[in-house]
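Okay, so here's the structure we're looking at.
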2 protein chains.
Amino acid sequence: MAEAATRRRGDTRERIQEVALERFTSNGYDQTSLREIAEDLGVTKAALYYHFKSKEEILDGLLSSVAFQVDELVAWMREETPTHERRIEMIRRLGDITRGAGGGVLQCVQQNEVALANMGRTTELIHHMKQQLWDAALPEDASIEDKLRMRMAVMAVLVSSKPDSDLGGTAEDRAAAAQVVAASLVP
Amino acid sequence: MAEAATRRRGDTRERIQEVALERFTSNGYDQTSLREIAEDLGVTKAALYYHFKSKEEILDGLLSSVAFQVDELVAWMREETPTHERRIEMIRRLGDITRGAGGGVLQCVQQNEVALANMGRTTELIHHMKQQLWDAALPEDASIEDKLRMRMAVMAVLVSSKPDSDLGGTAEDRAAAAQVVAASLVP
DNA sequence: GTCTATAGGATGATAGAC
DNA sequence: GTCTATCATCCTATAGAC
């Protein structure tokens, strides 16, 4: 059977993050209580507090894992001056991150935009991540239209990778369509 | 001085909706308590319950005001079979709604997507509104790419009308850029 | 229409036993 | 590492006086 069904002692921290990410994304950060997460895992709330010192820290743990991947992408982008082709490759790599391990975190961030917009450290982390991406992709004096195009290209990738997207088709179909649309958007 | 500063007795219902919309949009629906709204208005929580029978009903009131405008747009769209030009005009009209009276509601819906995704009646209302828009704009057998294009065009309009958008420029600049980008997206 | 007062419950978080 | 028990706080919502 699936390994997810086994008890998996010793990696409770990871299991907490898994369940939390899933619920934060589908039900929302605010609407997900620690009680729910604990019950899902078959432990008590108090157990969660042994692994994380607050609810926000559970989210921060998830964020920093993907922040590392975004930092790598930004660093790669900064190796050369950005061209149209390079920006397209950047979107492609972002798609890989979104579909890869921990990519659900980006979904989670997008789905909870407002909820995470007034949360101190978490908000700063997200804002910094986005800012770096935009700065690496476009010159600072880029036109409003180009900035908007770049943001929409990124959103196309995120929207299309939503599992319950009402676009239809398989995940692969949607990812392919997203790349085509994104390519036509990127300045 | 501004009329907003005057006491305006007798339209408490509207004032509640104004304040609620503002806070739902900027701070999030879940993170906005009725206590905050009441204090903002200089009344007590109990007073809110005289005008609305629940928190959700405050939101529903806002939603139905914009649902009417969307219904009109859908009806107009259905007068003729949709063409590229007609879809562009649809996006333009949607932009008018977004910037016009009650357009903030669309912002609010977008900003609180997850929070409003599991709320019974409210969720249905939103889902129905979106579904009608997509159905009116595209044939039901449209390709995934075309569906995605249409959705991104709408999102471009919404993103650009966000007041605190980090795109820079005036609201008019951003609206103009959004129309250009949307036009290049619409199938 | 607006108030005071309060019910009734959920939540994030902590203390301390095992 | 996980538990029981509990705290303090906040929330939505209601009852009833004015």
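Every heavy atom of this structure was used, including side-chain atoms; hydrogens, water molecules and symmetry mates were not. Every chain is numbered from 1, with letters handed out A, B, ... down the list of sequences.
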Roughly how many Å is it from [atom1] in [X] to [atom2] in [N], rounded to a whole number?
X	N	atom1	atom2	result
B:His51	D:dA13	NE2	P	16 Å
B:Ile37	D:dC10	CD1	P	17 Å
B:Phe52	D:dT12	CZ	C1'	16 Å
B:Tyr50	C:dC3	OH	P	13 Å
B:Glu57	D:dT12	CD	C1'	14 Å
A:Glu39	C:dA10	CD	C1'	12 Å
B:Arg13	C:dT2	CZ	C1'	17 Å
B:Ile58	D:dT12	CD1	P	9 Å

Subject >> B:Thr44 side-chain N/O to C:dC3 phosphate OP1/OP2 under 4.0 Å >> reply: yes
Subject >> OP1 or OP2 of C:dT2 under 4.0 Å from side-chain N/O of B:Thr12 >> reply: yes
Original post:
Quick one: on DNA chain D, does B:Gln31 or A:Ala47 contact a more 5' nucleotide (nearest heavy atom)?
Top reply: A:Ala47
**OP:** Verify the neighbour count for atom CZ of A:Arg78: are there more than 12 heavy atoms of other residues, nucleotides or ligands below 6.0 Å?
**Re:** yes
Original post:
Around A:Glu36, counting heavy atoms of other residues, nucleotides and ligands shown, do more than 12 lie under 6.0 Å from its CD?
Top reply: yes
Subject >> Shared-cluster residues of A:Leu148, by chain and number - hydrophobic side chains joined below 4.5 Å >> reply: A:Ile144, A:Met152, A:Met155, A:Val159, A:Leu167, A:Val181, A:Leu185, B:Ile144, B:Leu148, B:Met152, B:Met155, B:Val159, B:Leu167, B:Val181, B:Leu185
Original post:
Apart from B:Val114 itself, what residues make up its hydrophobic cluster, given side-chain heavy atom links below 4.5 Å?
Top reply: none
**OP:** Determine, for nucleotides 12-18 of chain C in 5'-to-3' order, which nucleotides have protein heavy atoms under 4.0 Å from the base (write B), from only the sugar-phosphate (write S), or from neither (write -).
**Re:** BBBB---
**OP:** List for me each residue that meets side-chain hydrogen bond (donor to acceptor under 3.5 Å, both in side chains) alongside A:Lys162, sequence neighbours excluded, and say none if there are none.
**Re:** B:Glu113
**OP:** Could you pull out all residues at least two apart from A:Arg13 that satisfy side-chain hydrogen bond (donor to acceptor under 3.5 Å, both in side chains)?
**Re:** none
**OP:** Any pair with a residue in residues 168-187 of chain A that passes salt bridge (Lys or Arg N to Asp or Glu O under 4.0 Å), sequence neighbours left out, goes on the list, sorted by first then second residue, please.
**Re:** none
